[in-house]
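Note sheet for the following structure.
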Amino acid sequence: MKQRLLKPSYGIAAGLIVIFALLPLGLEGQPYWLHVAIYTMWWMYMSQCWAISAQTRMYSFVHTAFLGAGAYTSTILFLNFGITPWLGMFGGVLVAMILAGILGWSGARFRMSPLSFVVLCLAMSFVFVVFAESMTITGHEEGLRIVFFKTDAANWHFLSKETHYYIMLIMLIGLMIVSQFILRSKMGLYFKAIFENERAAAAAGVNVVRYKVMALVISAALIAPAGTFWAQYAKFINPEGLLSVNMNILMVLYSTLGGLHTLWGPPLMALLFTPLGEVVRAYLPSRLYGLEMIIVGVVALFCILYMRWGVANWFNDWKRERHEAKMIADSSGPET
Amino acid sequence: MEISGISQAIIQGLAFGGVFALISGGMTLFHNVTNHVNVAVGSLMILDMYIMLILQQALGLDAYIVALIALPILVLFALFMWYVTLKRCLHYDHLMLFQLFVAWILVIEFFCVIIWGSDFRVMKSFIALSKVPVGPLVMRTTQLIAFLVSLGVIGALYWMIMKTEFGCTIRATAYLPDIARLMGINVDRLQLIIFVLSIVMVGVAAGVLAPYFTFSPYSGLTLALFSLIILVMGGFGSWEGTLVASLVIGLVYGISSFYIPNAMAILVPYFLFYLVLVFRPQGLFGVR
């Protein structure tokens, strides 16, 4: 088949970037909806990060710990030592990578089954909440506050929401490029081999432990800046908002429903589900708070019933089947 | 006083572990015949407790009597779960079925939040405040009942699995499902029966736990996590493992909450769990 110079997927990606880049102009004077847009993109970012580690069946339910490592490290460094969050972010990345390395190594080296690892991660995410709530340096349950009154780009202090929007957009685009790179690279192939059959992959010469740990560490390193971003954007971090176990569960739900080993599945589900909660909160009485989660649950049930491997994989299969059917129809024509 | 304090803590921990043996026992059964883990048990327990609460408010009966009425309602809900979703998804990948249960958790949990609010609730029972002497120690009657009922149900179940023909089919299915099917065992029906049985165990656990447990819709996750830890720590599908792990976790939690201030006490069982997983990734009694 002739290779087209401009694939349609590039066009779609470019169109999406333009739409996202122009969105703040459309939301001029509506700070709430701009906030919703930032929040949604934040969730898209996190779901995509989670999907990277899940490519090797490292189903980590502890990603909020890495998120919190990014947020708390940069904030503590800024509040106590005056180090700018632009640098503190890398400190957060380092802490998250160390945590992920320890956890991932214990999971992969001792060959825990995926489910044991899930339960271990759930337990650890509770542990991190307790730690953050009981240490003075993390500000107990009240959390930490960053106070500033004027824009100071050197310290990541921006009063306008638009600036934060574009920072998040750039982060998201960067993450999508990195994910695409991982999916297309040899490493991505190893990840997929480990996902399909760990023993066969090991027999074929893939260093299973190394790649499993690597997947988790990469994913943790990518999610930590999202924590730093949130600390600077919300100017306030607390264990309930950043470390809660429910956030882990939602992240996992979005990613798996979107479809693992795909580029656009996980962020798509976050894009669909996150604004839902804000709409419910904005337009319905406070008595009905939580309705969005019921809707998410019911939609998730239907998705799982009809799309075994997530929306994106279902779509890809459908496309391939259609293509094959067309090929068969084309080829059978002249022969008869 | 010190000695009696610590033994009091031990006894409370054992009573706590006994109830979890019941929940994890149900999960073990379900895991044995379907190879999946029902993580929605915590939320189902909370749902059962709320059903008990409205029944109590409507009828004014004691918590233990209400528990018996709530049990069939919970089983009906579980059957609904089974026929609508679970039945068609049992051949799925582990992660997807996990997500299926997570979706159910979201639905149940936030349904409870909307209907009953997120405040902590307690059930009323005529023996809620009474205490009984156990040897040299004093125990709350509700806790003693919970412990004895749990051990009784676990014992009956163990007998059923090891001694009856039905138990033999369960063990056969757990061991080699395909061969069991060839030998004429109706595996699909067995899976349904086991699912209902595990839900009944969850209902019994909720019934005996409710009179001394303050619960909110969000407690479901903690309950589920504890039973998952016990399940993994004992080794998937091992009966002895589940029982031992639940008692060990309960004991360790009881002792640590006696010596360590409240919030940090929960960490000790978690670290114990981590150590067990590192040294025996297959669990205490598991085989790999």
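For the numbers below, each heavy atom of this structure counts, side chains included, while hydrogens, waters and symmetry mates do not. So you know, we letter chains A, B, ... as the sequences are listed, proteins then strands, and number each from 1. Keep in mind the model is a prediction, meaning the values are calculated, not measured.
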Tell me, for [X] versus chain A, whether the close heavy atoms (under 4.5 Å) come from the side chain, the backbone, both or neither.
X         : answer
Phe226(B) : neither
Val107(B) : both
Phe279(B) : neither
Val113(B) : side chain
Tyr92(B)  : both
Val84(B)  : backbone
His36(B)  : neither

#### Entry: Centroid-centroid distance, Tyr50(B) to Phe215(B), less than 6.0 Å
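Distance test on ring centres: under 6.0 Å, yes.
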Is there a side-chain contact between [X] and [Y] (heavy atoms, below 4.5 Å)?
X         : Y         : result
His63(A)  : Ser219(A) : yes
Val299(A) : Ile295(A) : yes
Phe20(B)  : Leu223(B) : yes
Ser244(A) : Val129(A) : no

### Task
Would you mind checking if Arg57(A) and Asp93(B) are paired as a salt bridge, meaning a charged N to carboxylate O distance below 4.0 Å?
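So Asp93(B) pairs with Arg57(A) through a salt bridge.
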### Query
With a 4.0 Å cut-off, would you call Arg281(A) and Glu292(A) a salt bridge?
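Salt bridge present between Arg281(A) and Glu292(A).
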### Message
Quick one: does any side-chain atom of Asn313(A) pair with a main-chain N or O of Gly259(A) as donor and acceptor, under 3.5 Å?
### Response
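A pair under 3.5 Å: no.
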### Query
Just checking, any donor-acceptor pair under 3.5 angstrom between side chains of Thr64(A) and Ser125(A)?
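No, Ser125(A) and Thr64(A) have no side-chain donor paired with an acceptor closer than 3.5 Å.
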### Message
Just by distance, no angles: are the side chains of Thr256(A) and Tyr59(A) close enough, under 3.5 Å, to form a donor-acceptor pair?
### Response
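Checked: Thr256(A)/Tyr59(A) side chains show no N/O donor-acceptor pair below 3.5 Å.
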Between [X] and chain B, which part of the residue has a heavy atom less than 4.5 Å away: side chain, backbone, both or neither?
X         : answer
Phe131(A) : side chain
Leu291(A) : both
Phe61(A)  : side chain
Ser134(A) : side chain

Between [options], which residue shows the highest count of heavy-atom pairs closer than 4.5 Å to chain A?
options                                    : result
Val278(B), Leu231(B), Leu100(B)            : Val278(B)
Ile105(B), Leu97(B), Leu228(B)             : Leu228(B)
Leu106(B), Val232(B), Leu267(B)            : Leu267(B)
Phe271(B), Tyr218(B), Phe236(B), Tyr274(B) : Tyr274(B)

With respect to chain B, which residue among [options] yields the maximal number of heavy-atom pairs within a distance under 4.5 Å?
options                                    : result
Val130(A), Ile249(A), Leu250(A), Val118(A) : Val130(A)
Val245(A), Leu257(A), Val296(A), Ile294(A) : Ile294(A)
Leu115(A), Leu122(A), Leu120(A)            : Leu120(A)

### Task
Determine the minimum heavy-atom distance between Ala70(B) and Asp48(B), stating which atoms define it.
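What the structure gives for the nearest pair is CB-OD1, 3.5 Å.
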